[in-house]
Amino acid sequence: MNNLVLTQAVLVAQDIEAKGFLGTVGKIAAATIIFFIAIGFIVGLLLGIVIGRLTKR
């Protein structure tokens, strides 16, 4: 009985640790995607301004 309780406790601890790791990886991935989208908007805005001035529209 004692061995079963210990095994269950270890499995629960591993599950919690895995969820925490995946949550961290998800947050890093989301931040990276948001960063690249923001860079894309800035570059697009600058290109729009430059092209607008060159074509005088």
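FYI, the numbering just counts along the sequence from 1.
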Is any side-chain heavy atom of V50 closer than 4.5 Å to one of L46?
no
Which residues pass the side chain to side chain contact (heavy atoms under 4.5 Å, CB included) test with V43, not counting sequence neighbours?
I39, L47
Partners of I33 by side chain to side chain contact (heavy atoms under 4.5 Å, CB included), sequence neighbours excluded?
I37
Residues forming a side chain to side chain contact (heavy atoms under 4.5 Å, CB included) with T24, sequence neighbours excluded
I28
